[in-house]
Structure formats: C-alpha cells, structure tokens
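Residue numbering restarts at 1 for every chain, and letters A, B, ... go by the order of the sequence lines.
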Amino acid sequence: MKIGVVTFPGSNCDYDCYKASRDVLSADTVYLWHGDHDLADVDVVFLPGGFSYGDYLRAGAIASLSPIMQEVRAFAEAGGPVVGICNGFQILCEAGMLPGALIRNRSLKFRSKPVHLRVERSVPPFTSAYAVGQVLRFPIAHGEGCYVAPEDELDRLQAEGLVLFRYCDPGAAVTEAANPNGSVRNIAGITNARGNVLGMMPHPERAVDSLLGSVDGIGVFQSVAEHLVGT
Amino acid sequence: MLFINSLLKDIEERKLAGEARPGDPEITPELVAEHGLSEGEFEQILGILGRTPTFTELGVFSAMWSEHCGYKNSKPLLRTLPTQAPWVLQGPGENAGVIDVGDGLAVAFKIESHNHPSAVEPYQGAATGVGGILRDVFTMGARPIAVLNSLRFGELDGPSAGRVRYLFAGVVKGIGDYGNCVGIPTVGGEVFFDASYEGNPLVNAMAIGLMKQEDLITAIAEGVGNPIMAVGSRTGRDGIHGATFASAELTHESEAKRPMVQVGDPFTEKLLLEASLELIRSGHIVGIQDMGAAGLVSSSTEMAARGGTGVDIEITRVPVREPNMTPYEILLSETQERMLVVAKEGREEEVQAILRKWELEAETIGRVTGSGRYVIREQGRIVVDIPGEPLVTGCPTYTREGRESERVTELRAWSPEGLRPRDEEQDPAWAFLTLLDSPTIASKRWVYEQYDSTVRTNTVVGPGSDAAVLRLRGTRRAIAVTTDCNGRYCYLNPYRGGQIAVAEAARNLVCTGALPRAVTDNLNFGNPLKPEVYHQLSEAVRGIGEACRVLETPVTGGNVSLYNENPAGAIYPTPTIGMVGVIEDLDHVTTAGVQNEGDAIVLLGSNSDELGGSEYLKAVHGIVAGDAPALDLLAEKRLQQSLLETIRFGWIRSAHDLAEGGLAVALAESAIADEANPLGVDVELDDALPPAALLYGEAQSRVLVSCVGGDIDRVLAHFTSHGVEARQIGRVGPAGGRFRVTTPDLVIDLPIATIVRTYYDAIPRRMDASPIDVATALDSEVYVP
C-alpha cells in the first residue's frame, strides 16, 4: 500500500497528511509535486488543505488546472480513491470531480474550532471503520467552507447516499447551531456518485493523536487501508 | 570577476564618492529635518563622509539612524539587560534569539511591533507584522511552528467604539489571513482594551521556530567576492521610509501616510519560507536576512557589519516591479516577502534553481568586498559610498533626561481606603459579572477562532489557556509560550510593572508545566524626548532586567517601538514580554481548567489588599490609580519552583495564574475553561480583607490549583515546606453546577451557565451586534479619543 500526498504551492496541510498516514497506517507515503505528471504508483491520493496558488481567483480554482490534477482525474476515473480535505475539497469541486461549490462562510469570518460530525453512511473506501450515527470530533479551519449546490443536486446526493458527514451537536442532532459555516443541510463531506472521491472540510489528519485532543480521524485512514488491503 | 576588477580600480583611485544624480533635490536643512535627522547627527554624517551626502546617502542614513533601526534612545538601556545563560545559543543582535531546548533541538523566537502601520491600515499593518516576524525566524534556519500576538486597542464601549471596532476587526483579520495562509498556527497571545491606546493600537507579533541545533545559520556577509542576491518579490514603491514613519508620533496627518504601509502576500511568503529553508539546508549560501524595516539598506549593511566586510551593489540589477525607480526608492522600499542572500561564489545557479522550483526569482545584485565600505552604483556610477562601520554602529545614542510626571506620582499615592462601593454592588454578583463582561478579561474566542491554531498538528494546548503548548515531535518534550504585560501597572509604577510582566509570563509558563527559559521583549512606549516617557522606559527596563536575572530568563532579543502617542498623550508604557519555556515530559502538561467533581481547590500565595491599578477599579469605578501590586521576586521564584515540582510529581490536575480580576475571576475561568463542559465550584474564604480586595484584588505570586482530594495533605505539606503559603479553599462541583464563593461579608452564588454566557459573549455582543461602518470609522476624528 502506497499513499500519495499532493503538494501545491501554498499547500500547508500536506505535512500533516503525510505524518498522519505514516503514523496511523505505517504506510509508505510520498509527496507528489503539483507540476509533475507522475503519481508514483500510489494507491490513494490525498489533496491536502492550504491555500493552493494563494487561492487567487477562487479557492482551489488554479490548482484544479495544475498538471498533477490531470493525473488525479484519470486515476479517479479508473476507480482510484481520492480524498480532498479542506482546500482539497475546494479543488475537487473546482475540478468538477465533485458536485457543488464551497463559498465564504455565512459569518464572513475564518473559523477555527473543533466541530462534531455525524457519520451518515458506513461504506468503503472512506467510512467503513465508523458506525452510522457515530459522532466524531474534528478540527475545522477555513474561511470558505459553506457548501452549496442546487436543490435537485442536493436531493440526488441524499437519495444516492453520497453525503458521508454532517455537522451535528455532541448528541448527534443536526442543528443550525451546530453548523459552523452555513453549509446547506449541514453537509460536511460528500463523495462522487461512484463513491471513490471524497471531499470534506473538517480535518481528519488533525485528529489522529489523543495528545492533541481527538483520535476520531484515524477511521478515515483505516477505512482506506482496509479497502486497499481488500482489493 | 568583472565586478571585482572594477572595484579594485575604484579602490586604487580612492575617489569613491557618491555623486549627485540629475534631479536629486538639493541637501538643505529642511530636507535633513524631513529625514528625521538632528543638526548634530547631520554634522556627524558630514564628519564620516568628509563631504555633503548625496540625496540617496541622506536616505540611507535616515533609515539606519532612525529609532527603529538605530535604537538611538534605547540602546544604553537595553545594554543593562541580562542576555546570557548556558542554554542561550544566540542572544540579541541577530534576526532572532535561539535557545537550546534539549534533545539536539533549538528554538528561535522573536517579537516585533507593527503599531504605526496598523493604526492607519489595520489589515495590512497587522498582516505584514506577522510576515516580518516569520521571516526573522526562518532566516535563522528554523521552521516557524507558532505565532502569538499581543494586542492593545481603545475601548469597545463609548464614543470611539466605531473606530476601535474597525481597527480591532481589521487587525485580527489581517493576522488571521496571513498566518492561516502561510500555515503557521496562531496559538496564543493577549488583548487589552484601554482608552490610552485609542488611535495608537499596539500590534506585537511573536514567532517561534524549531530547528536542529546544527542547522542554525546567522545573517552574516562573509567571504570577499561572494555574490549578494536579492530573492523573492520584486521591489516596488511600497513602504518607502516605513522605518522613519515608525519613529515619529502619529498625528492627524498620519492618515495621509497610508501609502507608506506595506502590502502583504502570504502566498509568496509561504513559497519564500519553503525556498529559504531549502536554501539553508542546501549549503549553497553563507547568510540570509529578511529585507524588513529599511529594506535593502538595513539588510545589506547589517550583514556586512557582522562580517566586518563591505558590499558593492549595482542597484539596477535589483528586480523591480515598476519602471523608473530611483536608487533612493529601491534602497528604502519595504516591499514585503524579500530576502537578501549571500551565496557561496559559483553557486548562483544552484540558488536560482531552488528559487525557480518555488516560482520565485533570485538575482545577483552585488558582491561582498573587503573594503568595509557600503557602495551602491547605478549603472556603474557610484551614488552611495559610506564607510560601513559608522553607518551601522555609529548611530548616536542618547541617554535622555527622565523624570516622573507629577500626575503619576499623585495617582500612585491614591489609596482605595475611602472608596465607597457603588449602589449596584449591593447585588454581590454585579461587580463580578461586570468584570467577566469586561473585554480585557472576557474570553478572546471571537479573536482566536479566526486563527488556525491546529495546523501542523503540534498544538497540545491552544489559545485561551495561561500559555500555549507545542509538542516537539520525536521527543517527549514540549515548549510553552506566552506573552504578557499589564500597561496599567507600568503606567502607575514602571519599575514594578516591568518586573510583574516578566514574573507573570514565567508564572503562566510554570502553570502549564514548563521551566521558563528565555525572553524576547517588545518595548512599546511614547516619545522618549519627553522626560516622563523616558522615565517610564528606563524604569521598566530596570524592572525587566531585575526580574529576568532572578527568574533566570535572559533576554535574547526583541524590538523597541517608541513615539506611540496620540494627541491626548502617550500610550500606557507597555513592555510586552514574550517568553519560552521547556516542558520536560508531555505528561507534565497542565491546563487552567478544573477537571473533576470533588477535586480540592487550593490557593497558593497570600491574599492581600491590592486594588491599585486593578481591573476592578477601572471597570467598576472608572478609576486608574493606586500603586501596582507589590512583588517579591524571591517569593515568586519559590512559588514557581515548588509548583513546577508538584506538577512534575503528577499531583496537580489544573493550575491557573491569578491576574486581572483577581481570585474571583480566576476561579470562574478555571470553572468554565471548557465552555461546553463547565463545572461548578464551591469556595469559602475567611480572610479579613475588604470584599473587593479579597475577591478582585490583584496581589501577585498567586496561583489556583486543583488536585485529587486524597492528595491534599501532601500537596499542602510540599508547598509549606518550601515557604509558600497554600490552603484548600474549596471543591470542584458537579458538571453544570453552581458557582459559589462565600466570604465573611457576602456570597456570590450563580448558575454556571450565567457565567459562561457573560464571559463568552462579551466580545461577540460588542463586535457582531451591528455591522462595522468602515466609512464612518475612516472619516471620524482619528486620533482624538
């Protein structure tokens, strides 16, 4: 099993993803360079958080056109698992690999805090290590994390079971007060129709060590590993 | 080689003398004054040069001999500070101080102000402050791992609230947008609100970097013939004379100086950070320095002065952003995100390749020379030729006359004895809730939720506790970092205020389980030419030095920001102390919040009648008077040492320093540190003190700790045997319980939810209730509170 973490100019969670992958899975983990066309035979690709290309134009817009993203797209089309976290989620939406868009937080302020998430589905390759309804605690840190999509698109996401995480309170209730950024229907993480591309705003890679307050993020890495071992 | 040949020719001719450029203004007394140089200083310049300076040279001297670069009025005072200890690897004089933190690791850290830029353009002023301090740290070879901010603003209530809200919101957003983008967590700091800072807010940013000890590099220009390279952003016309601007009082006209404020680009900073660290590790370079205040001038002259060398720079080779820039402009520009690099001869291409990888430029602009002279050419013609040594170290220094203002002497003599409680105080909870609602005391969550505090996954304790804690990966160790200063104490008694700032910073670190190690200080004062201000400065520095010696925390560097005034007068003297401590084992990490129902609450230190300069007097009575609280540094040291021992024994569940708002506020903060899971407390006090002094007095050297009930005897015995007063004052109550404090005169008994709401809503309700009207904020009389 080999894991790749893409570094764009301006990525700043690449190191955290890299460390989480190594520490949690003891997996062979490599950095992939934005300007390359080489995925180095990895089995899963992480698009980390940060401000790729300064987030000029729109968050993730320029990164979505970078050379490495052509390869990531082909990899996903071939069924390879891709995880976009925070800026990575924004890039996946800009690349059209996930539906919808991420706009400025409803508060118009950057928000950095721990939030609670409810696991909506327990499915490979990203959430099989969790139970449906399980409440997780992850940090968020973003200014543009308000997920929006047309109503019919939202209905489709719901009907097809593509929403994997929603913001909730500690008791698993999905409430307005528990929504940190104004995302429609409290959506925190979704996959594409095929289920092999995940985008999420909260940071599982920052929740893998009890010393830092939460180990709930380990499940995302373990789910991926289980899936890869199984295939 | 061509360069060196032409240089040798020049030296041979020894005719090196700056030539006036066509179009340069004539050097007149008015022009000299506009450059912030006194007649005496100008005469000294004539003596150094043996001729009249060119316009460009005048600009160079103006920048290097400004307060900001030359420390004219503070250097003799700074020399009195202790700077050495076995663990100090780099003391003052470099881009940042560096200390040994064990396991082969070193921590570089420094604090710097961006007060004046933030007063006229809060967003960019604060953002570029963060950018500059990050560069100071990574040019030492350290990867930045955390940022803290020490901020001061005017009042959020009252007639100037509109302008203050605009400045506060802009500064916080500027800090956040910059640090968040670069990906360095902002983990702590402090925010005070007081009318004295109206119109002249303080924005002090502290950065902390981590490196292996062998990666330490210094900013030194060595090796005659080595190429000097400009790296990073192209030079533009922004920020010209920023250093001089920072060295004058703000006036009504300062608003017109907004174009002097630099513009930050955190994306370029991130690239520059990665490229610089790669450069340093590559072995291709000799030295590297940020082009910060006074840009190319100060970076090149300081690097040469450290190396005892000279420089010869062809100014037209500096990559510029716009055409027709004069040498004067290029030299003095403070365009952000630029570095000056001295490479090893013949390695220019390797350096350029690393910069290209990060989509940045590097251009060779000159050479290190053995002449000791600072030479700038424009297409070969010499426009600046100054002996380097007197330019850098010859800046005249002044010991001014210091005299305490009569007003302060009177205020200090004031005693709260005759103070009558306000009618509202018949409700015992009123003053308490008023204090929790005071923005200086209340939760700063509104601020720190705008900062990414968890990126890089080292933040063990983030904002909102006594100090932040960052783990050192690959070891069992951690570091604790904090900033501290109570300007009101320093105003009423600058000597003691300086001592208290150091003592409290150290106490904060000890409360997290750390051994305090070293200090970086940011001296924010008014105009030093005023005797009462110089008195504050010299006395505060004396107090800081005294405390640093006793607590064994040498000063490894810092920043001096003078001329912080508005038309109503000087700000409160505010010598911010940034401090770093080392936690030997992660098991020792301790936080402020009580942990479990039934735990014993223990007060360390003595309650005494100390209301002078307190937040209670200000928030409840509108009085700033009395003397700063007494401080016995040896007692403080005993307290800190014995507390650290008990923490290391594993006997202490929580520890929280008593500060603004005294015992009652500290108890509340410990009870509600975790907003989502607050615990009740039940405390009984029997001291024979007036109720306000007992509950809200700010006597020093006190800490609130909690421990398991069964440990209480050995905990008390330990402190007593070390000569530290300790007594159990109560117990931790149930989750969501009541906050109850009983004194001989009154009882405060409130649902914990009321306390949570008051404390956490105080700033949001002032900031978010109505939108900030930027147009009005900008139009308003800016500098008159």
Side-chain angles (χ1 to χ4, degrees), chain A residues 7-20 22-23 33-35 48-56 59 62 86-87 105 107-116 137-144 169-171 178 180 202-214 217, chain B residues 143 169 172-173 175-187 265-271 273-275 356-360 445-464 469-471 473-474 476 478 586-587 589 674-677 764 767-768 771:
Chain A
T7 300
F8 298 98
S11 293
N12 61 33
C13 304
D14 45 343
Y15 172 76
D16 296 339
C17 271
Y18 178 89
K19 290 298 287 182
R22 288 220 152 175
D23 294 349
W33 188 243
H34 69 108
F51 292 74
S52 55
Y53 299 91
D55 274 351
Y56 294 134
I62 300 174
C86 200
N87 193 230
N105 296 346
S107 67
L108 302 183
K109 288 193 191 75
F110 191 96
R111 296 266 339 247
S112 165
K113 61 181 286 195
V115 297
H116 293 95
R137 192 163 182 265
F138 287 7
I140 57 161
H142 57 248
E144 300 182 30
D169 68 15
H203 288 277
E205 83 282 10
R206 297 189 194 181
V208 298
D209 191 334
S210 57
L211 181 66
L212 307 187
S214 171
Chain B
R143 179 175 280 280
V172 169
K173 187 165 170 53
I175 289 169
D177 282 2
Y178 204 98
N180 296 344
C181 180
V182 182
I184 312 299
T186 301
V187 297
D265 176 1
F267 172 57
T268 302
E269 176 94 347
K270 167 71 174 165
L271 301 180
L273 159 65
E274 298 300 337
R356 253 197 317 276
K357 173 184 164 191
W358 293 102
E359 317 213 334
L360 293 170
R445 192 176 57 184
W446 185 91
V447 175
Y448 63 71
E449 273 193 1
Q450 298 187 54
Y451 303 152
D452 189 343
S453 55
T454 54
V455 64
R456 295 201 70 75
T457 49
N458 294 316
T459 311
V460 180
V461 178
V469 177
L470 298 145
R471 67 166 163 190
R473 273 181 204 272
R476 288 291 303 164
L586 288 166
D587 287 341
V589 175
D674 181 355
E675 184 203 357
N677 304 293
M767 293 303 293
D768 297 337

Give a yes or no answer on whether the side chain of Asp55(A) reaches the backbone of Cys181(B) with a donor-acceptor pair at less than 3.5 Å.
no
For the pair Asp16(A) (side chain) and Arg456(B) (backbone), establish whether a donor and an acceptor sit closer than 3.5 Å, ignoring hydrogens and angles.
yes
For residues [X] and [Y], report the shortest heavy-atom separation together with the two atoms involved.
{"X": "Phe51(A)", "Y": "Asn180(B)", "result": "CE1-O, 3.2 Å"}
{"X": "Gly10(A)", "Y": "Leu271(B)", "result": "N-CD2, 4.2 Å"}
{"X": "Trp33(A)", "Y": "Lys357(B)", "result": "CZ2-O, 3.5 Å"}

Non-hydrogen side-chain atoms of Pro9(A) and Phe267(B) separated by less than 4.5 Å:
yes
Does any non-hydrogen side-chain atom of His142(A) lie less than 4.5 Å from one of Asp452(B)?
no
Decide whether Arg206(A) and Thr454(B) meet the rule of one side-chain donor and one side-chain acceptor closer than 3.5 Å.
yes
If you measure from OH on Tyr15(A) to CZ on Arg473(B), what distance do you get to the nearest 0.5 Å?
4.0 Å
Point-to-point distance, once rounded to the nearest 0.5 Å, from CD of Glu449(B) to NZ of Lys113(A)
5.0 Å
What's the verdict on side chain to side chain contact (heavy atoms under 4.5 Å, CB included) for Leu212(A) and Arg471(B), showing C-alpha distance, side-chain angles and the deciding distance?
CA-CA 9 Å; Leu212(A) 307 187; Arg471(B) 67 166 163 190; 3.6 Å; yes
Contacting region of [X] [heavy-atom separation from chain A under 4.5 Å]:
{"X": "Val172(B)", "answer": "neither"}
{"X": "Ser453(B)", "answer": "both"}
{"X": "Arg445(B)", "answer": "neither"}
{"X": "Glu274(B)", "answer": "neither"}
{"X": "Asp768(B)", "answer": "side chain"}

